[in-house]
Structure formats: structure tokens, C-alpha cells
Amino acid sequence: MSEVSFAEMKKAVVDGEVDRARALAQAAVDSDTDLIAAIDQGFAAGIRAVGDLWEEGEYFLPELVQGAEAMKAAMAVINPALAARRSAQKPKGRVVIGTVHGDLHDIGKTLVATLLSANGFEVYDLGNDVPVDTFVDKAKEVDANILAASALLTTTMPIQRTLVETVAARGMSGRLRVMVGGSATTQGWADEIGASYAENALRAVTVAERLSS
């Protein structure tokens, strides 16, 4: 598949064209396309552009939501295909991911989950507004080695600290590493609470690979 098609994938997300994004994803699956490249250079590039337009005030909530829906439609096609292609491979690690309680943002978190899955991790996405106990219980259930928690609001950042403390209180710190991210967070904050930090989705993959090595 040509780079023009990756550009079309990006455009489908930016324009919020759900059916078009789904069709392009299916075309990628049906061909010999590198699906990770399709995600990174196509659909993920689109959702990053949507986020930029939102921050610049060019896009409003309807455009933001529609772009996210287009991205999700594409990933609903690509993720099962990726899983099938690597079914014989041992996952690099198991990640439980979600946006913390009180925070309803999930576009960035969904992108991180998608790229982690695309890069060989077994990912359990809990969605948004996730309570601390739900994070930790799920991590224990699936024997995860990484718990990734996003916070985009300064008012929800303390939940990330509580998450780290709860993991420690339950005696899971040796096996389970906490990784935090989201626009409200910084490396300094992560250091303060004893967590790993990823400033964007691509960096999250690198950090997760390091934590799983």
C-alpha cells in the first residue's frame, strides 16, 4: 500500500469519516500492508492531527468525537488481524490500561493501547473513569506486568499517586510496574509518585518494552 493510502487513512480520521476509515483498514488487512505502519503513519497520524486541531481551537467537541470514532472503527478491524498474525508469538508483556477515575478523556489512552497492541503487547483497555481497585484487580486477574494510567486533568492526577500506593499496599510492586501519562502529567510528577512516564504514545511503547525486558 502506498504512502498515498496512508495519507487517505489520516484524512479519513481527520474528516471523521467512520465508514471510510473502516474500509481503508479492511483494505490494509486484505493486502500485505505493514499494519503497524498503517496505524502509525495513517490512522494514528490522523488522531494526532485531530488533537492538534482541538488544541488550536480549530476543532470543537463534535469533530473531536467523530475523529475518535473513525479511529476506533479502523482499529476494530486492524486489532484482530494483528492478533491473528502474531498468535504464535509470546506477548512482550501484559498491560492493563485506562484513564483514571473522574477523567472521561480517552483518545490519547486509546492510541497508546493501540500502539502497544500493535507492537506485541497483550493489552486490556478498561476505558475511562476507571477506579483504582478496578485497575489493580484486573492487573492481578490477568497477571499484568504493566499498569498504565492516564490523567488529562490536574484534578485527577492524585489518583495516579493512589494507584501506585495501592499497588505497593497489595504487595504487587515487584511484578507490576505503573506507567503514567496524559497532558496533566510530567516526568517530575512520575518521579515524585514512583512511576514510569511516557509523554506520548510512541514513547509509551519504548517505556513498556524497557519495563518488560
Side-chain angles (χ1 to χ4, degrees), residues 1-87 95-100 102-130 134 138 148-153 181-183 198 200-205:
M1 184 171 283
S2 68
E3 290 203 15
V4 172
S5 293
F6 289 154
E8 290 175 6
M9 293 173 181
K10 177 180 177 180
K11 186 175 186 299
V13 174
V14 171
D15 293 344
E17 296 180 334
V18 174
D19 291 340
R20 177 66 174 158
R22 185 183 295 112
L24 288 167
Q26 189 62 57
V29 168
D30 292 341
S31 67
D32 293 328
T33 301
D34 181 337
L35 295 182
I36 293 178
I39 294 170
D40 184 40
Q41 300 175 40
F43 300 115
I47 203 63
R48 287 193 292 266
V50 169
D52 290 342
L53 289 165
W54 161 264
E55 291 181 359
E56 293 164 5
E58 295 293 325
Y59 269 17
F60 299 96
L61 187 58
E63 291 87 359
L64 188 68
V65 170
Q66 197 65 20
E69 289 302 315
M71 173 76 176
K72 290 176 183 178
M75 293 305 99
V77 174
I78 288 180
N79 281 339
L82 276 171
R85 290 186 185 185
R86 62 168 184 267
S87 59
V95 182
V96 171
I97 187 170
T99 305
V100 299
D103 199 323
L104 300 178
H105 298 83
D106 69 353
I107 291 178
K109 178 271 303 172
T110 300
L111 180 54
V112 171
T114 296
L115 291 186
L116 286 171
S117 179
N119 281 276
F121 288 87
E122 189 175 311
V123 179
Y124 298 85
D125 189 347
L126 302 182
N128 56 33
D129 194 22
V130 182
T134 301
K138 186 65 176 181
S150 175
L152 279 83
L153 304 173
S183 60
N200 56 51
L202 292 176
R203 178 63 180 162
V205 174

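For K10, there are no salt bridge (Lys or Arg N to Asp or Glu O under 4.0 Å) partners at least two apart in sequence or on another chain. Taking the side chain to side chain contact (heavy atoms under 4.5 Å, CB included) definition, one finds that T134 meets it with L126, V130, P131, sequence neighbours left out. Annotation: side chain to side chain donor-acceptor pair (under 3.5 Å) contacts of N200 (sequence neighbours excluded): none. Residues passing the side chain to side chain contact (heavy atoms under 4.5 Å, CB included) test with A23, sequence neighbours excluded: none. Residues passing the side chain to side chain donor-acceptor pair (under 3.5 Å) test with Y59, sequence neighbours excluded: none.
Taking each heavy atom of A198 and A204 in turn, the nearest pair found is CB-CA, 3.5 Å. Across N79 and S117, no two heavy atoms sit closer than the pair OD1-OG, 4.2 Å. When all heavy atoms are compared, the tightest approach of A38 to F6 is CA-CE2, 3.5 Å. Taking all atoms of both residues into account, the shortest heavy-atom contact from A149 to V100 is CB-CG1, 3.9 Å. Here the closest heavy-atom approach between residue L61 and residue W54 is recorded as N-CZ3, 3.5 Å. Of all the heavy atoms in A74 and A21, the pair that sits closest is CB-O, 3.9 Å.
Remark: L35 CG to F43 CZ distance equals 9.5 Å, nearest 0.5 Å. Interatomic distance, L202 CG to L115 CG, rounded to the nearest 0.5 Å: 6.0 Å. To the nearest 0.5 Å, the span separating CG on L64 from CD on E69 amounts to 10.5 Å.
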> Stepwise, does the side-chain contact (heavy atoms from CB on, under 4.5 Å) test hold for M75 with I39?
Replying inline: CA-CA 8 Å; M75 293 305 99; I39 294 170; 4.0 Å; yes
> Would L116 and V205 satisfy side-chain contact (heavy atoms from CB on, under 4.5 Å), going step by step from the backbone distance to the final call?
Replying inline: CA-CA 6 Å; L116 286 171; V205 174; 4.2 Å; yes
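Among residues at least two apart or in separate chains, salt bridge (Lys or Arg N to Asp or Glu O under 4.0 Å) pairs with a member in residues 39-64 are D40-R48. Pairs of residues two or more places apart, or lying in two chains, never qualify as salt bridge (Lys or Arg N to Asp or Glu O under 4.0 Å) while including a residue from residues 74-83.
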Please set out all donor-acceptor pairs under 3.5 angstrom arising from side-chain atoms of residues 104-114, sequence neighbours excluded.
{"from": "H105", "atom 1": "ND1", "to": "D103", "atom 2": "OD1", "distance (Å)": "2.6"}
{"from": "K109", "atom 1": "NZ", "to": "D125", "atom 2": "OD1", "distance (Å)": "2.9"}
{"from": "K109", "atom 1": "NZ", "to": "D125", "atom 2": "OD2", "distance (Å)": "3.1"}
{"from": "T110", "atom 1": "OG1", "to": "D106", "atom 2": "O", "distance (Å)": "2.6"}
{"from": "T114", "atom 1": "OG1", "to": "T110", "atom 2": "O", "distance (Å)": "2.9"}

Distance-only check: which donor-acceptor pairs under 3.5 Å involve side-chain atoms of residues 12-19, not counting sequence neighbours?
{"from": "D15", "atom 1": "OD2", "to": "K11", "atom 2": "NZ", "distance (Å)": "2.6"}
{"from": "D19", "atom 1": "OD1", "to": "R22", "atom 2": "NH1", "distance (Å)": "2.9"}

